[in-house]
Amino acid sequence: MEGQNFLKNEYSKNIILNYFFKVLSIVGGLVAVNLYLTYLRQSMYGLWVTISSIASWAAVGDLGIGNGLRNELTTAYAKGDLQRQRELSEAAVTMLARLSVCLFLILTVISEILFVLGIMDSSLRPPMYICNFFMCVNFLLGVSKSIGYAYQESWMVSMSQFSNILFGLAGIGFLYVFRVSASLILFAFVNGFAGVFSNIILIVQLMKKFKIGFTGAYKKKKEHRNRILSVGIKFFVLQISGLILYSTDSVIINRIIGSGAVTEYSIITKVYETGTTLFSIVLISFWSAVTFQYSRGNYKWVIHEIKKITCLWGGFSAGVIIVSFLLNPIIQIWLKENAIIYSPSLIILFALYTIVTSWGSIYVNVANGIGEINLQVICSVIGAVINIPLSVILSKSMGIFGIKLATLLCCFGGILVVPIQMIIQLHGKKN
């Protein structure tokens, strides 16, 4: 009864507030792309997308600590173990602080290799280093998101992400209004500080509500580190695989086709990711809610929620099809003179990719929530290994269509296998 009351109040509240802030984030994101394109122009914006995608690789450098903390902290919260909650949070912060320093050094080496090999132009060195620095700072501060999810306060995380967009818009808007010359260096500073400010706001909120502190006095350091890492290392492998699958496209396009094609690819990706974001809102708090209820043996609730979310996915898929028919007019209204016209074949591919990956994400969140991710890891590693060579081969004959097709083919294993695994396991538990 206590678990049911929890979900009735917290789970429903999270979904409503997540929708509110995510819709605001979507609108803000669309406005931001238009403003950024106007400020930087297409070629420079394409370079920024490439730089930021390389820096985003730092997100996987936490060895899965964030996700490991999320599952362990949610379990401790479900059991009402306050002391363990504080110790787990403190252990994670300590590990991430050390890793952030190491991560910056690793990113420095990777960046220099890209410059020396000529993969990236040396003129991009200053903005890339600025981007790398802020990525590492926000890498540490971002532990607040895992804590927010674990305490079933995912709406706070969504609000933090919206504030990030607002700060970025305010900064670039200031540069544009006062006619400051387009500069990737200034752009990198503005985006970096936007992330820092939004993370600090989230940290203050969580500390105020849950009395989270950092004393360095806990005794079970090794035990907590091992617990977090034993779960987190599997998520780390998933993060690495996901990085190769989803974050290398811009680099490949920039190298083989050109920076202009990066802009073309990023704009259509932005449109379909907007739809994916709308659907994923119901999954934001689902992962930790699954952990919470599964740890209490409430398997029927998990199965019931899967059915409800699958019905929502059906409506979402219909919406994706409708938007696909109207995509080019939508982009013309959105970007005006900067609009790009897309071929029907590319639109169909992006629509198919969006629909099937959204369906798979339902069961991926269940698997993540209960910690059964071994099969998911295997499928992801196989997909990651073949993704880059397949993308390069297909891009030479099909352009950006080939790169997106390669990504779709490489993630099919997880989309098909993980749902079957979860259905069998949950119904077995229920019986």
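Note that this is a predicted model, so its numbers are computed, not measured.
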| query | Among Ile306, Ile309, Leu283, whose side-chain contact (heavy atoms from CB on, under 4.5 Å) with Val366 holds? | reply |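 Of Ile306, Ile309, Leu283, side-chain contact (heavy atoms from CB on, under 4.5 Å) with Val366 is met by Ile306 alone.
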
Could you tell me whether the side chains of [X] and [Y] share a donor-acceptor contact shorter than 3.5 Å?
X      : Y      : value
Ser111 : Arg125 : no
Ser324 : Tyr272 : yes
Tyr129 : Glu112 : yes
Lys145 : Asn199 : yes
Lys22  : Gln161 : yes

Nearest 0.5 Å, please: how far is [atom2] in [Y] from [atom1] in [X]?
X      : Y      : atom1 : atom2 : result
Ile26  : Lys270 : CD1   : NZ    : 9.0 Å
Leu140 : Leu96  : CG    : CG    : 6.5 Å
Ile252 : Lys396 : CD1   : NZ    : 11.0 Å

| request: Please check if the distance between the ring centroids of Phe279 and Phe316 is under 6.0 Å. | output: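 Yes, they do, as the ring centres are separated by less than 6.0 Å.
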
| query | Between Phe193 and Phe167, is the gap from one ring center to the other below 6.0 Å? | reply | no

| task | Begin with the C-alpha distance, continue with both residues' side-chain angles, and end with the deciding distance and a verdict on ring pair (Phe, Tyr, Trp, His ring centres under 6.0 Å) for Tyr36 and Phe187. | result | CA-CA 9 Å; Tyr36 296 168; Phe187 196 85; 4.9 Å; yes

| Trp359 and Ser317: CA distance, side-chain angles, deciding distance, side chain to side chain contact (heavy atoms under 4.5 Å, CB included) verdict | CA-CA 9 Å; Trp359 181 75; Ser317 300; over 6 Å; no

| query | Should Ser158 and Tyr19 be marked as a side chain to side chain contact (heavy atoms under 4.5 Å, CB included) after you check the CA-CA gap, both sets of side-chain angles, and the distance that decides it? | reply | CA-CA 9 Å; Ser158 296; Tyr19 262 104; over 6 Å; no

| request: From the options Tyr363, Phe292, Phe235, select the one residue that forms a ring-ring contact (aromatic ring centres under 6.0 Å, His included) with Trp287. | output: Phe235

| message | Between Leu184 and Leu124, is the side chain to side chain contact (heavy atoms under 4.5 Å, CB included) condition met? List the steps. | response | CA-CA 8 Å; Leu184 285 175; Leu124 298 177; 3.7 Å; yes

| query | Thinking salt bridges, do Lys13 and Glu153 make one under a 4.0 Å N-O criterion? | reply | yes

| query | Charged N to carboxylate O under 4.0 angstrom, Lys308 versus Glu305? | reply |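 Here Lys308 pairs with Glu305 in a salt bridge, since their nearest N and O are under 4.0 Å apart.
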
| said: Tell me whether Phe104 at atom CZ has more than 12 heavy atoms from other residues, nucleotides or ligands lying less than 6.0 Å away. | reply: yes

| Can you tell me if Asn14 uses its side chain to pair, donor with acceptor, with the backbone of Gln152 under 3.5 Å? | yes

